[in-house]
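Quick note on labels: first sequence line is chain A, next is B, and so on, each numbered from 1.
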Amino acid sequence: MSSPRPLIHLSGVKKVFYTDEVETHALSGIHLDINKGEYVSIAGPSGCGKSTLLSILGLLDTPSDGEYVLNETAVENLSLSDRARIRNREVGFIFQSFNLIGDLTVYENVELPLTYRGLSSSDRKRRVTDALERVGMAHRAGHFPSQLSGGQQQRVAVARAVSGQPSILLADEPTGNLDSSNGEAVIELLRELHRGGATICMVTHDPRYAQQADRIVHLFDGLIVEEEAGSNRREIKEAKREVKETNAGGVG
Amino acid sequence: MRSFWQDIRYGLKVMRKNPGFIAIAVFALALGVGANTAIFSVVNAILLHPINYGNPDQLMMVWEKSAKRGFGQIPTSLPNFVDLRTDNKSLEDLGAFADSNFNLTGGDQPERVIGVRVTASLLSLVGIKPLRGRLFLSGEDQPQATRVLILSHHLWQRSFGANPNIVGQNVALNGDSYTVVGIMPSDFKFPPSFSATVASSQYAMPNADLWVPLTTDAVPTARDIRTLFMIGRLKPGVTPAAAQSEMNVIASRLQKEYPATDADMQVDVIPLRQQITGDIHLALIVLFGAVGCVLLIACANVANLLLAKASGRQKEVAIRTALGATRRRIIRQLLTEGMLLGLAGGVLGSLLAIVVLRQLVIFSPANVSIPDNIGIDWQVLAFTLLLSLFTSFIFGLAPALQASKLDLNETLKEGGRGNSGGSKQNRLRSLLVITEVALALVLLIASGLMIKSFLRLQNVNPGFNPENLITLEIQLPQNKYSDKNRQAVFQQQLVQRIAQVPGVQSAGTVDNLPFSGNESNVGLTIEGQPPLNAAERPRAFLRNVSPNYFESMGIPLRKGRTFADTDNGNAPGAAIVNETAARRLWPNEEPLGKRFKRGKADSQYPWVTVVGVVGAVSHTSLEVASQPEVYLPFQQNPELNLTLVARTRSDPKAFAGAVRREVSALDKDLPVSNIKFMDEIIGKSVAQPRVYALLLGIFAGLALILASIGIYGVMSYSVTQRTHEIGIRMALGARPRDVLKLIIKQGMVLGIAGIIIGLIVSFALTRVLASQLYGVSSTDPGTFAAISLLLMFVAVIACYIPALRATKVDPMIAVRYE
């Protein structure tokens, strides 16, 4: 019996940046599968390539080499417009600094990805209301981001990420700009979403929050050096991958 | 004071650090200041200091007018002039003048010059001393007096090689010997430049080459032949209104004393300054308004640039404030920097103005009368300096106030929360762009209307074909051609000789060529109609023409026949009328065979019979609808004054030499220097609207460029400011075209707001132009729509480049912003 195809399949993904004459290997050959409904956190020290990996996962960036299949579509060589379309349908972003648009109300911020999808206004309204209710921010729909606390803003950002019912939620240090109680609340919100069936991939350097995931992927120098089960999984299993010497490289 | 120098030093340092920004700002200001300085120089020369006569505000033009005939300003007759001069107590002196062209011989070659006959005291009345020699003495305007003349500076230089010993020597005018008694200074011009509607024709004062005394034997002495212009000087303390009241009393007396000729005579006293600036006043005000708009747009642009800069300097201002600088000190620092910018723009603008003025003088038509010596004097420089300081204050104030109102705490904290937000500053910048677009639209619509009007005017059919027509004005000297028969023979021989020149299709003569400015308006008595007094008689413009005149000019014959060689002194008097005259003089009747005569029924003039009807001709200008005209055969009415017209088969310029040779062969003493071409004469007649449309067009073009730069600048800045927001949008799935639409829509909202405001303002303001427009309504919907679309198109283009840049924003920016 064949196992279901993973939602995300990365194989030998590399990312090299060229600045002047310096070649920087941000990712040196990433092999990673994320299954539907899985909650994965990516951990590692600063400069290990976490954000680059997340950018590639979110189609904000393209790999220099390797294969990336998202929801059964090879996405590494798509046009800008196609990438935008897939990003809009398949990916929900939650950023460290919330990235809400100050000129738009809470409602309009949440509605924004849906407008790019060309949904009818009644459809948009239903989804926005639903998303805001899920994060407990429906009563603030008419406010502007500047009128909200950081925790509230991040909840709005979560609502925006889930409003389009994406295949995966990508969270980049979602608690980085929050105090601990607000941070806890956001992590709890993600857990709730996961319990409801959401696939989540979260970058964090806080081990407490990383532990909340099913699986923790440790990144170092552009390589996955360790994978462990998070506290969310009953059985903890360690898996170490041998790193092929040919793929060896460092973030210089 | 020390801190002021510190501000200046720091300002110069800031300027040196931002050469690109400074270059754009200074260039935009220079365009605005330069255009303003140039037009101010013209306004200064024409409106503020139009006359260089002594105490010019005491000088009055005195006109007759006739309400019954609908003539606003008409010259007077010699007897009326004498009565007005003798009877009035308000004027120190009243002078009369009449233009009269002469053939000048005694120089290198015979030449045709523009002379003005003036009463002996007139030149001293205007209060100017001669450069050399003297003015006329009293008594030199008596018929028996020795003939004397005064040379203009330009004629002295042109024809007499600036010979200082010419004073006291004799030269020949129309064959008569005159003694040169004086030379006037180079900046002296009399009559002053202006044009007036004289007896419903546009009359431009001649630019005199020389002056001779007006003797009573040189002008008609009949009370109903009005050929003299009058100028007077008020006695000290007398107001123009008082002089007018007194003249009214004298006019009433003349009405009673001479009912046959002066029954409806009135007198109008008009200050000379008002007379001169009257017809150009509005045009200059509109142009001044236009350059004012250009300057405001330039200021808005620079203010926008400074606002953009100011937001980049928030940190610096915050640190200065934290270190104890007061708000006033900060504002002063920023205003000083603005002032430096303004002065740099002023200097460059003045240089631009000098260039523009040179072009203006070169291209200005005679009737726009831009003085040759116009330039940048201390008043203009003072104006430019004030303007530069004022503009720097205007564009510097908003950014300075804005920068000085910072929230110190927020600014000094690096960044705030990660929201991408708008600000009051953006609203101010948007408001500035909306203003720019609105101003540009007003200017574009004004120039669009002027251009459309000019094109309409150019397309007016003058009633004849001006192509391939060469003309030569000839004045036969009285002493040689006093015999009418000799005049007739000369004319006949001239036409025959010219017609035989190979390549000449046909040749004819006329006394007053269309568009020459010369007119003869006469009252007529129609046979079979009850006799009318002078004021009620129908009037028509009279022309003396040769048989082939109509053919040569291309004036179509509608009925009957044109003149033949047989219409000579021995034949019954014949006349041809134009369609307008036929309709007015014999409404619903057949004009052919009808008889009329000049003047009253028992006048000395013979009855003439209408033998033909020809098409109407624009005679004074393309703008003026055709007037009633009657043509008489030259051979039955020979005179000294005639203009040759010859239609050539090819470029008429090639025939100038041949025409000169033929005229000289007939009479070697006749000047042949003033050959003109009909298409050029017509071109000159529309020179004023052309220059006007051209200048407005240039200023509107500048406004359009500046406004589009403004839109571009604001959108470009906005894209930079919104980079993070655009990154977020792209991360959320916005495609490049979504981003393109977003930015263009933002720009177009500003553009459309500006256009709507501009349209409202234009509807209100363009009415001022109504009197300057021909065949176009001042609210012409076509122009309003086309210009709005043009501006909208330009706005889209101006937004497109920043929008395109926005689509290149890397969505990673949303992630990297952490």
Heavy-atom check, side chain of B:Arg722 versus side chain of A:Asp103, under 4.5 Å: no

Contacting moiety of A:Arg83, where chain B heavy atoms sit under 4.5 Å: neither

Side chain, backbone, both or neither of A:Leu104 within contact of chain B (heavy atoms, under 4.5 Å): side chain

Of all pairs that satisfy side chain to side chain donor-acceptor pair (under 3.5 Å), the ones with a partner from residues 128-139 of chain A, not counting sequence neighbours: none

More than 12 heavy atoms from other groups under 6.0 Å of NE2 on A:His205: no

B:Tyr800 atom OH: more than 12 heavy-atom contacts under 6.0 Å: no

Heavy-atom pair of closest approach, residues [X] and [Y]:
| X | Y | result |
| --- | --- | --- |
| A:Ala84 | B:Ala734 | CB-O, 3.7 Å |
| B:Pro811 | A:Leu60 | CB-CD2, 3.6 Å |
| B:Ala731 | A:Phe95 | CB-CZ, 4.0 Å |

Pairs of heavy atoms under 4.5 Å with chain B: top-ranked of A:Arg160, A:Arg87, A:Arg89, A:Arg117: A:Arg87

Heavy-atom pairs under 4.5 Å with chain B, option from A:Val91, A:Ile86, A:Asp82, A:Asn88 with the top count: A:Asn88

By side-chain hydrogen bond (donor to acceptor under 3.5 Å, both in side chains) - contacts of B:Arg735 (at least two apart): B:Asp738

Set of side-chain hydrogen bond (donor to acceptor under 3.5 Å, both in side chains) partners for B:Ser716, sequence neighbours left out: B:Arg805

Among A:Asn99, A:Leu112, A:Leu100, the one residue meeting side chain to side chain contact (heavy atoms under 4.5 Å, CB included) with B:Ile728: A:Asn99

Contacts with chain A made by residues 744-757 of chain B (heavy-atom distance under 4.5 Å), listed by residue number: none

Residue among B:Arg737, B:Met730, B:Arg729 with most heavy-atom pairs under 4.5 Å to chain A: B:Arg729

